[in-house]
Amino acid sequence: MSATSSSDLCELSVGEAHRLMRLGEIAPADLTSASLARIDALEPSLHAWVQVAGDEALAAARAAETELQSGHDRGPLHGIPVAVKDIVDVAGVQTRCGSKSRDDVEPANDDARIVTLLREAGAIVLGKTVTQEFAAGVVSPPARNPWDPSRIPGGSSGGSAAAVAARVCPIAIGTDTGGSIRIPASLCGVAGLKPTYGRVSKRGIYPLAWSLDTAGPIAATVEDAALMLNAIQGHDPLDPMSADEPWQDATEEMGRDLAGLRIGVVRDHFLQRVTGDVAETFEQSLPEFARLGADVVDVNWSEATSARAAGLIINRVEAVAVHDDAILNNPEGYARELRLRNQANRLFPSAGYLKALKVRVLIRESIARVFNDHQLDAIVVPTLPGTAAPADDLFVTYDDGSRESVSFAYTRLCTVFNLTGQPALTVNAGFDRDGLPIGITIAGRPFQEARICRIGHAFEQAKGIYRQRPLLLGDS
Amino acid sequence: MSEPHRTPLAEDLVAQMAAASGRPVAQEDLAEVTGLIDALYDLETHLARFDVSGVEPEFKWDARWEKAE
C-alpha cells in the first residue's frame, strides 16, 4: 500500500507500519510526526492526553531510524508510537494518576518495567494518557469518546482507548483491575487484552488492588495487541505477583481458522441485564465463530455472579489499604467520589474481604471444571451491558426503562475475569442504534493468550468492521 | 447454602461506626457513604452459598488452574 500522507500513516497497523519501515518506504519519525499532528488536531475534542512528550518522542524516533538504517531491527514495535496510561511510570515524567493529590509529585526516577520493555522493543513513547483518578472508576474525565465526543470513553484507561480509537497511535498501555482495559476498549471499538494475572509485570505501576491488578495492551487490532503483549510479558522477580511462566508468542496461532476449537457460550450472568442492542449483537456474533470452524456450545457457569461480587469486594477493600493514609493526610487532594468510596470501604468488615479471598479459590475451581468438562478453549460473553454513556448522564438505560450507574453496569461483566485471573480479550462486534461500538469478550485458559488472540483475530477479520472510522475522524 | 436475609444499613449506625473509627463522615455525605457500604453487603450475600470451611485465603495467588484443581 502507499502511505504518503500523515493521515494515512495514522491508519497503519503495527504490522503494516513495520513492513513499510523495513522496506524503507516510511521512517519512524514520519509515524511519530503523524501521531503528534493528529494529537494537535483532535485533542481539543478528545482530551485524551495528560502530557505529550513531542520532542523526546521525535528524538527517539530518529534514533530508531538510525538503528534501522544500520540494520538493527528490534522487531515489530520498532518505531511504533505508544501511549502510556498515567498511572504507569515514565522516567523523568510525573505520574499524576489523574489526581490533584499528585499535582506536585516528583517525576519518576525510572521507567515502569513494561515501559522499559516497550522501549527495548523499539516503541516510541508519545506521552501519558488520561486515567480516572488512581484508576478507580470507569469515566476518565475529561477524555471523550471518538465515536461520539459527547460521550465518555469509559475507564479507567479511557485516554489510552480514546487515543487508539482516534488512530493517534496503534497501541497503548492500559491497566485492568475490574475491567479498565476492556471497558474503554469496548466503548471505543478497539481491541483490549487483559492478560492472565501475573503475566505482565506491575513494577512501576501505581496499584489499585494488588491481587487483581493487571497491565496490558489496548490496540487498534487484535494482532497489534498480541504484538504488544509479546513485548511486555515475562517474569519479573522484582514484582512479587509476577508469575514465573515461560514467554509465549501471542501471535503463534494467528491466521488459522477455528477448526478443532470449542467455544462455550455463557448466558446466565452475562445476559441477565443487557440492552437489546447488546444482546442482539452478541447472539448475531455466535454463528461467525461456527462459520470459522469452531464448535460453539452452551455452557452454564452459575458462579459468575459470585465472581463479580467477590471481585468487587476485594477491589474495594484492597484500595483502602492503598489510599487510606493518603486521604487522611490530604483529603482535599482526592475527588469526592474516591474520598467517599474510601470512607465507605474502610467500614466494611474484614470478614467479608477474607471470605471473598476464600471464595476466589472455589470460583477458580468452578471455571476450571467448566472448561475441562466441556473441553473448552474459550468462553464468549458480552463485554458490557450497554454502550458509551453521555458524559452528562452517567447511566446505562435498559430497554425496560430501568437505569444502572455506569460504575456498576460496566464492571458487572468484566470484573468476573479479574477474580478468576483468566486472560480476557474484547473485540468490536458491531454497533448499537446510535452507532456506538459493542464489544464481545473471549476469555481463555490461564496463560493461553495465544489461543484467545487466534479466536479474536479470526473473528475480527471475518467481521471486517475494525477499519470503520469513528465520527471524530470524519468521512475522509 | 442460601443467601441470607438482610436489612438495609442505617445511616445513624454508619455515622456511629465512622465516628468510633476516628474518621467521622460529614452529614452531607452520610447517605452516599451508607449506600456504598450497603452495596458491599449486598454483594456479600452472593458469597453466602459457598462453604469455605478449610479454605485458606490466598493473599499471594497464582492464576494457574493446576493450583486450583
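Heavy-atom basis, side chains included; hydrogens, waters and symmetry copies ignored. Below, chains carry the letters A, B, ... as their sequence lines are ordered, and counting in each starts from 1.
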A.B. asks: Which bit of A:Glu303 comes within less than 4.5 Å of chain B, counting heavy atoms only: side chain, backbone, both or neither?
C.D. replies: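 When you check distances to chain B, atoms from both the backbone and side chain of A:Glu303 fall under 4.5 Å.
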A.B. asks: Checking B:Trp65 side chain against A:Arg445 main chain: does a donor-acceptor pair fall under 3.5 Å?
C.D. replies: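 Such a contact is absent between B:Trp65 side chain and A:Arg445 backbone.
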A.B. asks: Which value, rounded to the nearest 0.5 Å, describes the distance between A:Arg341 atom CZ and B:Ile37 atom CD1?
C.D. replies: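 So the CZ of A:Arg341 and the CD1 of B:Ile37 are separated by 13.5 Å.
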A.B. asks: Could you walk me through whether A:Arg364 and B:Glu58 pass the salt bridge (Lys or Arg N to Asp or Glu O under 4.0 Å) check?
C.D. replies: CA-CA 12 Å; A:Arg364 271 206 337 279; B:Glu58 294 179 332; 3.2 Å; yes
A.B. asks: Whether the side chain of A:Ser306 engages the backbone of B:Leu47 through a donor-acceptor N/O pair (distance < 3.5 Å, no angle test) should be reported.
C.D. replies: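 It does not hold such a pair.
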A.B. asks: Is A:Gln422 reaching over with its side chain to a backbone N or O of B:Ala63, donor-acceptor style, under 3.5 angstrom?
C.D. replies: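 No, the answer is negative, given that no donor and acceptor are paired below the 3.5 Å cut-off.
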A.B. asks: Ignoring hydrogens, what is the shortest heavy-atom contact between B:Val55 and A:Val361? Give both atom names and the distance.
C.D. replies: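 For B:Val55 and A:Val361, the tightest heavy-atom pair comes out as CG1-CB, 3.9 Å.
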A.B. asks: Between chain A and each of B:Asp38, B:Val25, B:Val14, count heavy-atom pairs under 4.5 Å; write down the option with the most.
C.D. replies: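 Looking at each of B:Asp38, B:Val25, B:Val14 in turn, B:Val25 comes out on top.
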A.B. asks: Let me know if A:Ala356 has heavy atoms under 4.5 Å from chain B in its side chain, its backbone, both or neither.
C.D. replies: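 Both parts, backbone and side chain.
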A.B. asks: When you measure from the side chain of A:Lys355 to the backbone of B:Phe50, do you find a donor-acceptor pair of N or O atoms at a distance under 3.5 Å?
C.D. replies: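 Checked: pair present.
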A.B. asks: Is chain A contacted by the side chain of B:Glu44, its backbone, both, or neither, given a heavy-atom distance below 4.5 Å?
C.D. replies: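 Contact with chain A is through both the backbone and side chain of B:Glu44.
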A.B. asks: Around A:Asn330, counting heavy atoms of other residues, nucleotides and ligands shown, do more than 12 lie under 6.0 Å from its CG?
C.D. replies: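 Yes, enclosed.
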